[in-house]
Amino acid sequence: MEITAKMVSDLRAITGAGLMDCKKALAEAQGNEEAAIEILRKKGVATAAKKAGRTAAQGLVASYIHSNNKVGVLIEVACESDFVAKNDDFKAFVRDLCMHIAAAAPVCIAREEVPTDLVEKEREIALAQLAEDKKPDNVKEKIVAGKIDKFVAGICLLEQDFVKDPNMTVGELLTQKIATIGEKIEIKRFTRYQIG
């Protein structure tokens, strides 16, 4: 099948990947756009893994104040070079992260950072909800573990569904940006402020 410039352009608009990467993915997928997207996503994960050991010593500190002036976010996102830190695509990504944090109110960046007292409190609530249930204890434990896993995913930035595209998590978006930009990108820290 012939891969047209329009097909490549359309795929690039959807994924943000480079033109040659889009063309190769379409060729490998025999023109199937959905399969090409999957190929690019897999490649993005591999690219991100290769860059994980690098040092991200440059980056941006950005802020966002919601239009109602009641929610604000301050974030630090690191990258490897000053060139990328000044790149419009990187700046737009950081701004999207700020807006996501304002909307979704994550507590921390990754699962490892979740405060143990929050997890224990959630475990107590889940166990109390199942107290009257006649299910065996091992089944109750699985239900509680599932509820805790869902709770943790809901408060971790990297595991939340991205507000601008709920079909991907913030972690998947980060991986995609690493593949597109070609450098290690790391969300270092954020603070969310809210009136009240």
Side-chain angles (χ1 to χ4, degrees), residues 1-67 71 73-106 109-110 153-154 156-188 190:
M1 172 178 202
E2 183 188 347
I3 306 302
T4 66
K6 183 179 182 338
M7 290 167 69
V8 173
S9 177
D10 289 348
L11 183 60
R12 183 163 196 244
I14 293 168
T15 64
L19 288 173
M20 289 309 294
D21 289 334
C22 289
K23 187 173 183 178
K24 286 177 188 172
L26 281 165
E28 188 179 329
Q30 299 175 347
N32 182 316
E33 189 176 83
E34 292 298 316
I37 290 170
E38 188 65 30
I39 290 166
L40 287 171
R41 288 181 73 192
K42 287 178 183 172
K43 183 179 177 199
V45 170
T47 302
K50 285 181 199 170
K51 296 180 187 319
R54 293 181 173 175
T55 303
Q58 296 295 321
L60 287 177
V61 171
S63 63
Y64 169 77
I65 307 294
H66 192 61
S67 61
V71 178
V73 174
L74 195 59
I75 190 169
E76 177 188 357
V77 182
C79 58
E80 294 177 50
S81 69
D82 194 39
F83 173 76
V84 166
K86 294 176 182 175
N87 175 299
D88 288 341
D89 193 26
F90 182 75
K91 288 178 181 177
F93 169 65
V94 174
R95 181 162 176 79
D96 282 348
L97 286 176
C98 281
M99 289 192 293
H100 173 90
I101 292 166
I109 296 170
C156 292
L157 175 63
L158 294 176
E159 296 185 40
Q160 289 180 330
D161 291 337
F162 181 46
V163 292
K164 287 177 89 175
D165 182 359
N167 293 322
M168 71 167 62
T169 65
V170 173
E172 290 168 340
L173 175 67
L174 175 63
T175 300
Q176 185 183 77
K177 287 299 171 189
I178 291 169
T180 304
I181 291 173
E183 282 193 8
K184 177 181 180 177
I185 300 170
E186 189 177 351
I187 303 167
K188 293 283 197 178
F190 69 86

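One is the number of the first residue; the rest follow in order along the sequence.
- One distance of note links CD of Gln176 with CD1 of Ile181; it measures 10.0 Å at 0.5 Å rounding.
- Between Leu174 and Phe93, some side-chain heavy-atom pair lies under the 4.5 Å cut-off.
- Remark: the backbone N or O of Ala5 is not paired with any side-chain donor or acceptor of Ser9 at under 3.5 angstrom.
- Note: Leu97 CG to Ile185 CD1 = 9.5 Å, rounded to the nearest 0.5 Å.
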Decide side chain to side chain contact (heavy atoms under 4.5 Å, CB included) for Leu157 and His100; before the verdict, give the C-alpha distance in whole Å, the side-chain angles of both, and the deciding distance to 0.1 Å.
-> CA-CA 9 Å; Leu157 175 63; His100 173 90; 3.5 Å; yes

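- Going from atom CG of Leu60 over to atom CZ of Arg95 covers 12.5 Å, rounded to the nearest 0.5 Å.
- Contact of the Phe162 side chain with the Asp96 side chain is registered, since non-hydrogen atoms from C-beta on lie closer than 4.5 Å.
- With Glu80 as the partner, the side chain to side chain contact (heavy atoms under 4.5 Å, CB included) test is satisfied by one option alone out of Gln58, Glu186, Glu183: Glu183.
- Scanning for salt bridge (Lys or Arg N to Asp or Glu O under 4.0 Å) contacts around Asp161 gives an empty result, with sequence neighbours left out.
- Of all the heavy atoms in Pro106 and Cys156, the pair that sits closest is CB-C, 4.4 Å.
- For Leu11 against Leu26, the heavy-atom pair with the smallest separation is CD2-CG, 3.6 Å.
- The structure places CG of Asn167 at 12.5 Å from CG of Leu173, a figure rounded to the nearest 0.5 Å.
- Between Cys98 and the options Val77, Ile75, Leu74, a side chain to side chain contact (heavy atoms under 4.5 Å, CB included) holds for only Ile75.
- Using a 4.5 Å heavy-atom threshold, the side chains of Lys188 and Ile109 count as separate.
- To the nearest 0.5 angstrom, Leu158 atom CG is 5.0 Å from Ile187 atom CD1.
- Atom NZ of residue Lys24 and atom CD1 of residue Ile3 lie 14.0 Å apart, to the nearest 0.5 angstrom.
- Not counting sequence neighbours, Lys91 has no partner by the side-chain hydrogen bond (donor to acceptor under 3.5 Å, both in side chains) test.
- Contact detail for Ala102 and Val73: the closest heavy-atom pair is N-CG2, 3.6 Å.
- Contact record, Gly59 with Ala85: O-CB, 3.6 Å, taken as the closest heavy-atom pair.
- Counting heavy atoms from C-beta outward, Val61 and Glu76 have side chains that approach closer than 4.5 Å.
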